[in-house]
Amino acid sequence: MRSFEEVKSFFTQDIYATCTTGIEIVDARPGYAIVRLQVDERHMNAANRVMGAVYYTMADFAFAVANNYDMEDGVTVTLSSQINFLSAAKGKVLTAEARVVKEGGKTTFYSIEVTDELNTRIAVISSNGYRIDVG
């Protein structure tokens, strides 16, 4: 199994999440991940609120990290996701926490919650994935 530092290094290749959006991996282990984002002007929509796609990107990235922490000869990709927006962010630091609900064979199901530093529950996301062989 890879170390936390190896996982963080691997996911620097996710340019959209890490470089474009600015998401950082805070904690991870098989079946679990926390990612964080400092909100700035590039994350805002025309109504001066955090764009919904930012929340989804954070959730999808946390899902990927948790699902693929122990990846050896395959990778889990998202089959489907459902996002439910609960509130606009009130703070400036967003956190997405992904937890495995069920794994079996080649499929997984996760629950992800996005919050801010004021403990505002912003979104709840359910995602399922499929493990594919690579190389």
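T57 places a side-chain heavy atom less than 4.5 Å from the side chain of Y16.
Closest approach of V100 and E103 over heavy atoms only: CG2-CG, 3.3 Å. Considering all non-hydrogen atoms of both residues, A64 and F11 come closest at O-CZ, 3.6 Å. Between Y56 and S81, the shortest heavy-atom contact is OH-OG, 3.4 Å.
Other residues, nucleotides and ligands contribute at most 12 non-hydrogen atoms within 6.0 Å of the CD atom of E24. The number of heavy-atom neighbours closer than 6.0 Å to CE of M51, taken from other residues, nucleotides and ligands shown, is 12 or below.
For the atom pair CG (L86) and CD1 (I122), the distance works out to 9.0 Å, reported to the nearest 0.5 Å. Residue Y55 holds its OH atom at 10.0 Å from CG of L37, rounded to the nearest 0.5 Å. Within the model, atoms OG1 of T21 and CE of M58 stand 9.5 Å from one another, a figure rounded to the nearest 0.5 Å. Here the OG-CZ distance, from S87 to R49, works out to 9.0 Å after rounding to the nearest 0.5 Å. Distance check: Y130 OH to K106 NZ gives 5.0 Å after rounding to the nearest 0.5 Å. Distance CZ/F10 to CG/N68: 6.5 Å, rounded to 0.5 Å.
Salt bridge R121/E113: present, at least one basic N to carboxylate O contact under 4.0 Å. Salt bridge status for E97 with R99: present, with a side-chain N to carboxylate O gap under 4.0 Å.
When atom types are taken as modelled, the side chain of S9 and the backbone of E5 share no donor-acceptor pair closer than 3.5 angstrom. Between the side chain of R29 and the main chain of A66, no donor-acceptor pair closer than 3.5 Å is present. Looking only at distances, no side-chain donor or acceptor of Q82 sits under 3.5 Å from a matching main-chain atom of S126. When atom types are taken as modelled, the side chain of D27 and the backbone of I34 share no donor-acceptor pair closer than 3.5 angstrom. D116 places a side-chain N or O within 3.5 Å of a backbone atom of G91 that can act as its donor or acceptor partner.
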- Task: I would like to know whether V75 and I132 meet side-chain contact (heavy atoms from CB on, under 4.5 Å); could you show each step before the answer?
- Result: CA-CA 5 Å; V75 63; I132 58 173; 3.6 Å; yes
Candidate pair L94 and V39, rule side-chain contact (heavy atoms from CB on, under 4.5 Å), full reasoning: CA-CA 7 Å; L94 305 178; V39 175; 3.6 Å; yes
Steps toward side-chain contact (heavy atoms from CB on, under 4.5 Å) verdict (V35, T95): CA-CA 6 Å; V35 301; T95 301; over 6 Å; no
| message | Go through it in stages, so that I can follow the logic: the residues are V124 and I112, the test is side-chain contact (heavy atoms from CB on, under 4.5 Å), and I'd like the CA-CA distance, side-chain angles, deciding distance and then a yes or no. | response | CA-CA 6 Å; V124 176; I112 306 102; over 6 Å; no
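A donor and an acceptor atom, one from each side chain of D60 and T78, are located under 3.5 Å apart. Between the side chains of T18 and D14, not a single donor N or O lies within less than 3.5 Å of an accepting N or O.
Outside the 6.0 Å centre-distance limit, the rings of Y69 and F4 are not counted as a close aromatic pair.
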